[in-house]
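Every value quoted in this text rests on a predicted model; they were computed, and no experiment measured them. Protein chains get the first letters and strands the later ones, always in sequence-line order, with residue 1 at the start of each.
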Amino acid sequence: MATLQEPAAPASDRSYWGNVWHAVKSTAVGMGITFRYLWTKPFTTQYPDERLPVDGRYRGIHYLEQDLCIYCQACAKACPVDCIDMGAQRHGKELEWEFFSIDYQKCMFCELCVYPCPKDCIHMGEQYSLVTEDKSDFLLELTSWQGLTEEQKLRIAEAEAAKAAKKAAAAKAKAAKEAAEAAAEPAEPEEGKE
Amino acid sequence: MSAALPPAAAAPQGNGLTELLGGLLPDGLPFWALALTGAVVSFAIIFAFIAVLAMFATWLERKVAGHIQVRYGPMRTGAWHGWAQALADGVKLLIKEDLVLTSADKPLFKLAPMVVLSTALAAFVALPFGPNAIVADLDLGIYFIIAISSITTFGVIMAGWGSNNKWSLYGAMREAAQVASYEIPLGLSLMMPVMYFGSLSLNHAGAMQSGWYGMHWYVFSDAFWIAIPSFALFFTAALAETKRAPFDLPESESELVAGFHTEYSGIRFAFFFMEEYAAMYLMSAVGTALWFGAWNFPGLSLLEGTVLHAPLAVAAFVTKSLLLVFVMMWVRWTVPRIRIDQVMALGYKYLTPLCLLMILLAASWEWVKAIAFGA
Amino acid sequence: MANSTKDPALRAGERLVELDVRTQDVEINMGPQHPATHGVLRVLLRADGEILTGAQSHLGYLHRCAEKIGEKVDWLQYLPYTDRYDYLSAMNNNLAYSLAVEKLLGVEAPERAQFIRVILAELNRIASHLVAVGTYGMDIGAFTPFFYALRERELLLDIFEKICGARLTYSYIRPGGLMNDAPAGWLEQVKAFTELFDKKWGEYWDLLVDSKIFVERTANVGVVSEELALAWGCSGPMLRGSGVDWDLRRDAPHLVYDRLDFEVIVGRGYRGTVGDCFDRNYVRMYEMVQSNRMIRQCLEQIEDGEVQHPDVGLLLRPAPGEAYVGIENPRGELGHYLVSDGSKIARRLRVRGPSFCNLAVAEHLLPGCMLADAAAIIGSVDIVIGETDR
Amino acid sequence: MEVLFEAARDAAAALQAAGFEVELHQPNLPVYAPEGESKRLAKKHKEEDPVHEWRGDPYLALKDRSRLLELCRFLRDELGYEVLMDATAVDFDAEDEHLWGVYQFLSVGRKRRLSLKTFIPKADCRVDSVTAVYPAADWHEREASEMFGVEYLGHPDPRHILLPDDWVGHPLRKDYQYPDEYHGISCK
């Protein structure tokens, strides 16, 4: 019989009736255990119908907070298998996203891409079953939009307008300054006095 | 021979089916036509029975295995607990490509599943499902069953050799060694009930256990102390004879991949599969007929003469046999597999001597009874 | 039947066995796809009837160039690759690699991290041994204990999932400490498991290990004598099963193992000869109990604190040097021999996998056994092909 | 772990007394490497002086590789290192003229570890196999042989072990060129 303490002495009764007794007894004990389990509730879950909840730290398919991402490539550099690829154009502070893709044929869900992120914008999600008949489906696109959003366009326009305005203001100021300087030229000796 | 034989329980004569046919068919038919019709009808009944049985047994096996292993087993085919799984598998096996290796010995390869299944079918003719529900009530019923079911071995050897696969060959050779050895303890273990009933006819044995309101089974008789160990011996030998775990060496999937049927696919594989369940049922039925009162159960004798009697008797017999089939499954999902030399050692060093001992005890008991009670 | 007794003193180069009656030998390919080879191992067997007269292992079907990759990716990036050599004990692999890198870095993980490391390593040992014992049952022909073992392992995987988010390839223990601290309620979950496990453990013993057929199949089969085990560099349960009292957790204390009270389980021929398949399995069975004991002690002793060394960041640059660190994995000594030139990438990253070395001796145990014993012996070595081939 | 390596000094002394030309290297002491290579090693760390810090485990450096087998036998029989834990090779740099042969020994009875390093010239890449003393070296040497091209003299079964039999080149050499294809499979 099973004890959590190691049995004191090795048991090796190999006599004729000892063998018969051991065979009958151990088979009976084993059949008792299996018979008990025949009537207990199964441990398994019926997978596609019922799914076990995944834990908060679960490392599933990534999700990206695209509006936070600054396209620094830190995650791509940290990846041991080079499965992260991204492309974007910078328009001043705004990013025109082309793609941010992860190749799940390569990804090994190690979470090493999450740690170096300065903006904490790439995370491991809760989705885990990536079932497909086409290998190319494993190349997942994480961006929710490509190109520029209206907001971004607006902000770029604003920024450009602001920039233009600033430029104009600067030019104006410069002109004014020059004018002032020109006007103040005769006063130069006064400055020199100081 | 036996003092315990109740006088009413004389062995029923003849075959219910032939009598029935004889009544139904027009008069004046030659004898051979009657016999032929009887044979065809019997074959159809047995084949249908085995096919349904195999389907039910596969489903049962998977459910038993599943629940023993704290899981569900098939659940998706059919509405209730995957009841249609075996049906779906049967259809799949039927429409699957029938592969025959180019290097295989084709005649043997193709013949093997037929030999295996037909011998299993043949053994069913001597099986009494009810008081008169027997295809051929042979005087040497037990002898016939043991003899015919061992022909299966030839089929298995043919399959193993014909596959031209080393694993299959190993499976076949193991089957040959194992079954040849276990014929002895199997035959010997049947001697105890045979001595008690004084007959080799299963129908007779069944009729003799109908006393005590249907509870005069061999295991409850005065010789119960012989019956119980002898049944254990019989059951062990039967497991080996039917290639069931722990004696499933011919297929032993963790050593021989799939043993003798590694190279079989489709319907040919299904034949081996059906044979396995047919053989399991056959051995269970023999055990039921000899130890567990055949078709008798309490209250059956009250229905004698009514329409219900025969169907209930058959149902009782099939249920009891299926319970033994369940025990075979239960054992399979509990114990590990024995090694071939240990199979031999168990057969020759343990089962055979113990059977001989039991025979001695059974014979002495009959002798003691004869002296003490003067029967 | 020819003489089928095993000769424990079989010499290294001796791969043929003389039988009383010789017939023509059969050459059988066991693997690379075979139910009993635990993956893609191929053993070329030569057999005379049921008795094996020769065996030769062919490896490399799962070779993934781990050592070459180690010279291409930086120190931390290699961590996920360590998960993949012995995928059943990835925590221990992480730990072995982390300790080796820490030695080159000259740092030591904080105490709380060390306790959590020990808890995880021991939990992982239980998980690994459960699979080992379960699949061993399957090799012998008993299916059901495997499912019972996996049932408890599933609870362990839940525990791992809770702490690191992965169920099999953790990448959790890293140089300098841990990825992050244990979440709330995790230690209680571990405690609940340790209590449950002691109750369930008896089932594997009664159902599988004590079964007469199991004893017959494993006792006196594949005997590795003490000399053979040492000469072939065996380690772990394979070495202890042969009666050698050697456990790196006790004999080369690292982490907090020296503060724990545990016994080293040594094979003692419980049902046959010392060093047979039964003993290796016996060692695994009781090691699970001891691991459980260690976890309970850790749970009592653990205190709050930091889990990552403050100086160790994501980009590691160990000083130039070399170090060999071996720790007690479930399968034996997993050694990492690292050579650094001070840059962020290793110069040489050598992995000494326990399965690789233990399997080498298995090949020499097979001649003289029966065909069915091949499954029993290879199963008792408990190889993971991911590690033999790396 | 350190405890196990402490015995390296005793082993060095015993070996030197037995007439083996071994040098003990301990951490933070000058590294022993064949002429020229130690200087380059040092240069790699931007130090002109070959005396520089070399961290990690102490090891014994065997100068004359022809006495390797003899030394192993001495280690096993006289010093009680029964187990060969690991045997491998290291190609530190493509420009080096030597490979390192690195052996890890373990003494179960005395709870000691020992690391031994020998130097195998790439021009004459041969060294004695230690399988005669430690059978454990069998597979390790096969692996080192296919990965580094070291020929182990007297090895009983010098086949490839992890790589395919027809693999060309020695992948762990620093000067290894990746093949473009292998049996029609692109390796790029």
message: Need one label for C:Val361: side chain, backbone, both or neither, based on atoms under 4.5 Å from any heavy atom in chain D.
response: neither

- prompt: Using non-hydrogen atoms only, which part of D:Ala132 is less than 4.5 Å away from chain C: side chain, backbone, both, or neither?
  reply: neither

message: Between C:Arg348 and D:Thr88, do the side chains contain a donor N or O and an acceptor N or O under 3.5 Å apart?
response: yes

- request: May I ask you to say whether C:Asp389 pairs ionically with C:Arg64, meaning some side-chain N is under 4.0 Å from a carboxylate O?
  value: no

For chain C, the option from D:Val133, D:Asp91, D:Leu172, D:Val83 that forms the most heavy-atom pairs under 4.5 Å: D:Leu172

- line: One should read off an interatomic distance between C:Leu44 CG and C:Ser57 OG, to the nearest 0.5 angstrom, of 9.5 Å

task: Could you go through the salt bridge (Lys or Arg N to Asp or Glu O under 4.0 Å) check for C:Glu102 and C:Arg117 one step at a time?
output: CA-CA 14 Å; C:Glu102 278 170 15; C:Arg117 281 176 173 193; 2.6 Å; yes

- prompt: So, C:Tyr81 versus C:Tyr97, ring centres under 6.0 angstrom or not?
  reply: no

task: Name the member of D:Thr131, D:Leu84, D:Val102 that forms the most heavy-atom pairs with chain C at distances under 4.5 Å.
output: D:Val102

query: Can you say whether C:Tyr337 sits under 4.5 Å from chain D via the side chain, the backbone, both, or neither, judging by heavy atoms?
result: side chain

statement: Per-residue tally against chain C (heavy atom, under 4.5 Å) across D:Lys174, D:Glu82, D:Arg76 peaks at D:Lys174

- prompt: Is the charged tip of C:Arg390 near the ring of C:Phe356: under 6.0 Å from the six-membered ring centre and within 45° of its axis?
  reply: yes

- prompt: For D:His140, is it the side chain, the backbone, both, or neither that has a heavy atom closer than 4.5 Å to a heavy atom of chain C?
  reply: both

- prompt: Measuring heavy-atom distances to chain C, does D:Ala137 have an atom under 4.5 Å in its side chain, in its backbone, in both, or in neither?
  reply: neither

Test: D:Glu70 and D:Arg67 ion pair at under 4.0 Å: yes

field: Interface residue of largest heavy-atom contact number with chain D, from C:Glu67, C:His63, C:Glu227, C:His58, under 4.5 Å
entry: C:His63

statement: Among C:Gly60, C:Ala360, C:Gly233, C:Gly335, the residue with the most heavy-atom pairs under 4.5 Å to chain D is C:Ala360

Check: D:Phe148 ring centroid to D:His170 ring centroid under 6.0 Å: no

message: Please classify the contact of C:Leu99 with chain D as side chain, backbone, both or neither, using a heavy-atom distance under 4.5 Å.
response: neither

